[in-house]
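The structure under discussion appears below in the form of structure tokens.
The sequence lines fix the lettering, A, B, ..., with proteins before strands; numbering per chain opens at 1. Nothing here was measured: the structure is a model prediction, and the numbers come from that model.
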Amino acid sequence: MNYWLFKSEPDVFSIEHLSKMKKQTSMWDGVRNYQARNYMRDGTKPGDLLFFYHSSCPQPGIAGIAEIASTPYPDPTQFNPESEYYDPKATADVPRWVTVDVKLKEIFNEIVSLPELRANPKLEELALLQRGTRLSIIPVSAAHWKAIMAMR
DNA sequence: GCCAACGTTGGC
DNA sequence: GCCAACGTTGGC
């Protein structure tokens, strides 16, 4: 069982959006970075847990928890010319991007904010907090997961 | 394969 | 809106 952190801009898709979806489950589409895709394609398994992180917003931080609810499959938006995630170089035979379904597990009463995360000495090596990390899919160790769960 | 120019991310 | 730090693109 692995732990992850998935980033999303709440203006586009927030944990509140996820809570209103049918079965509180949604496809996590639009990942268009190779390293993030590789984590998603090669790393995520049904039952894995993820922190739902809100970025590029007034209060950046971890808003709650979701569960990986499918195996990875081709992201349909890459084939849709109407989508902002359309990739003309992707074909049905050779898809380039993948997605997984995620299911809501818990919304934190209060966001565990980025400054709080930075202030926790146990999280010094958390990949999210390293200089230059911009990945939207980031692995989280069991120890880091536990430390963050204690902060909510 | 190199690298300059450009685009994106994301905190502030 | 600014800017640092990446990633991508494309000419050569």
Verify the neighbour count for atom CG of A/D42: are there more than 12 heavy atoms of other residues, nucleotides or ligands below 6.0 Å? yes
Verify whether the ring centers belonging to A/F51 and A/W145 lie closer than 6.0 Å. yes
All pairs passing ring-ring contact (aromatic ring centres under 6.0 Å, His included) where residues 7-32 of chain A contributes a residue, at least two apart: A/F6-A/W28, A/F13-A/H17, A/W28-A/F52
Applying side-chain contact (heavy atoms from CB on, under 4.5 Å) to A/W4 and A/M40, what does each step give before you reach the verdict? CA-CA 9 Å; A/W4 306 94; A/M40 187 179 255; over 6 Å; no
Output the distance between atom OG (A/S113) and atom CE (A/M151), rounded to the nearest 0.5 Å. 7.5 Å
Within the side chain of A/R41, is there an N or O that forms a donor-acceptor pair under 3.5 Å with the backbone of A/N38? no
Check nucleotides 6-11 of chain B for protein N or O atoms closer than 3.5 Å to its own N or O atoms and list the pairs.
| from | atom 1 | to | atom 2 | distance (Å) |
| --- | --- | --- | --- | --- |
| B/dT8 | O2 | A/R134 | NH1 | 2.8 |
| B/dG10 | OP1 | A/K7 | NZ | 2.7 |
| B/dG10 | OP1 | A/R134 | O | 2.9 |
| B/dG11 | OP1 | A/Y53 | OH | 2.8 |
| B/dG11 | OP2 | A/S56 | N | 2.8 |

Trace of the side-chain contact (heavy atoms from CB on, under 4.5 Å) decision for A/I62 with A/L117: CA-CA 9 Å; A/I62 297 171; A/L117 294 170; 4.0 Å; yes
Let's see if you get this right: which residues in residues 26-44 of chain A place a heavy atom under 4.0 Å from DNA chain C? A/Y34
